[in-house]
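Beneath this line is the structure, given in structure tokens, with notes to follow.
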Amino acid sequence: ELKVEQNPLFLSMQEGKNYTIYCNYSTTSDRLYWYRQDPGKSLESLFVLLSNGAVKQEGRLMASLDTKARLSTLHITAAVHDLSATYFCAVGSNNAGNMLTFGGGTRLMVKP
Amino acid sequence: NAGVTQTPKFQVLKTGQSMTLQCAQDMNHNSMYWYRQDPGMGLRLIYYSASEGTTDKGEVPNGYNVSRLNKREFSLRLESAAPSQTSVYFCASTGGGGYTFGSGTRLTVV
């Protein structure tokens, strides 16, 4: 059974600082997704990582995937208040169902 | 707009009542999913349909049934609602690439 763990679960940081969110998963997969969720809203797709060593960047966010270590990271550079949200990683299964298994989420608060 | 449409957006049920949550996608995706999200938690898979005509249980299927009516529509039914089913329900679909999520149904069972 695939397990996905994120840490930290909660992150409070000052504007301008850097930080990394970690996503570990328990079984082999080469599909890793990052989503953002604002309070009361649906999930917004941030990154899709489909191979070992994949790195993608959008603005102040950069995601990477190490399939051998079963680890993905979401790095935040020079955080701004608008990045305050909950971030989820999700791992794709390798079976016919193509379902996603989600981590518990990281609630990020960026303070001025 | 292309995407995943869920109805209703909000619902309050009394314990023991039944209801069906509707989901439709217009992207010609093969696979569709129902997730629930409890406060402060990630999404958990209830049921999924890998393709039209098939459905399978996910992580938390108890108390739910589903119907893949056609390629576009995938409904979730609560036969006898319980307070433990108070949650936000998300439908999603994929054609093999990214996943598209609906806006969610906020369900309260009293």
Side-chain angles (χ1 to χ4, degrees), chain A residues 1-11 21 23-27 29-51 54 56 58 63 72 85-109, chain B residues 1-7 9-10 23 25 27 29-61 66 68 74 87-108:
Chain A
E1 181 184 353
L2 175 58
K3 298 286 187 184
V4 182
E5 291 187 356
Q6 280 182 244
N7 67 84
L9 297 181
F10 180 77
L11 178 55
I21 299 170
C23 175
N24 293 273
Y25 54 99
S26 61
T27 63
S29 175
D30 55 6
R31 297 186 297 126
L32 195 293
Y33 303 78
W34 284 97
Y35 294 91
R36 168 180 171 145
Q37 186 180 39
D38 293 299
K41 303 295 185 180
S42 186
L43 280 74
E44 173 190 353
S45 179
L46 294 175
F47 300 107
V48 180
L49 304 169
L50 299 177
S51 61
K56 291 194 174 180
E58 180 72 34
S72 180
T86 299
Y87 294 84
F88 292 96
C89 66
V91 179
S93 71
N94 289 336
N95 63 29
N98 288 320
M99 68 282 284
L100 294 178
T101 300
F102 283 80
T106 297
R107 184 180 172 194
L108 173 65
M109 291 184 61
Chain B
N1 292 335
V4 176
T5 302
Q6 289 183 235
T7 55
K9 295 188 182 303
F10 301 93
C23 175
Q25 52 91 9
M27 297 168 287
H29 285 170
N30 285 323
S31 302
M32 298 185 73
Y33 310 85
W34 277 105
Y35 288 89
R36 63 177 286 174
Q37 184 179 30
D38 298 317
M41 297 180 65
L43 279 69
R44 292 184 293 167
L45 183 65
I46 305 171
Y47 270 93
Y48 67 98
S49 172
S51 60
E52 185 179 357
T54 69
T55 60
D56 283 287
K57 295 178 179 180
E59 180 187 358
V60 288
V66 291
R68 183 74 183 266
F74 187 38
S87 191
V88 180
Y89 292 84
F90 289 101
C91 178
S93 70
T94 184
Y99 294 74
T100 302
F101 285 82
S103 59
T105 296
R106 188 173 296 272
L107 175 66
T108 302

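Below, chains carry the letters A, B, ... as their sequence lines are ordered, and counting in each starts from 1. The model shown is predicted, which means the values in this text are computed figures rather than measured ones.
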Notebook entry, point to check: Looking at the rings of B:Tyr99 and A:Tyr35, which for Trp means the six-membered one, are their centres under 6.0 Å apart?
Noted result: no

Next item on the list: Looking only at non-hydrogen atoms, find the nearest pair between A:Tyr33 and B:Gly97 and report the distance.
Entry: OH-O, 3.4 Å

Margin query: I'd like to know which of A:Asn98, A:Thr86, A:Val4, A:Thr101 tops the heavy-atom pair count under 4.5 Å against chain B.
Written below: A:Asn98

Check: Can any side-chain N or O of B:Tyr35 pair as donor or acceptor with the backbone N or O of A:Leu100 at less than 3.5 Å?
Finding: yes

Notebook entry, point to check: Where is the tightest heavy-atom contact between A:Gly97 and B:Ala50, given as atom of each residue plus distance?
Noted result: CA-CB, 4.1 Å

Check: Could you name the residues of residues 43-51 of chain A that have a heavy atom within less than 4.5 Å of a heavy atom in chain B?
Finding: A:Leu43

Next item on the list: Mind ranking B:Gly102, B:Ser51, B:Ser49, B:Gly58 by heavy-atom pairs under 4.5 Å with chain A and telling me who comes out on top?
Entry: B:Gly102

Checklist line | Verdict with supporting geometry, B:Phe101 and A:Gln37, side chain to side chain contact (heavy atoms under 4.5 Å, CB included) | finding: CA-CA 11 Å; B:Phe101 285 82; A:Gln37 186 180 39; over 6 Å; no

Next item on the list: Can you tell which part of B:Arg106 gets under 4.5 Å to a heavy atom of chain A, answering side chain, backbone, both or neither?
Entry: side chain

Notebook entry, point to check: Between A:Arg107 and chain B, which part of the residue has a heavy atom less than 4.5 Å away: side chain, backbone, both or neither?
Noted result: neither

Next item on the list: Check each atom of B:Leu43 against the heavy atoms of chain A and say whether the ones under 4.5 Å are side chain, backbone, both or neither.
Entry: both

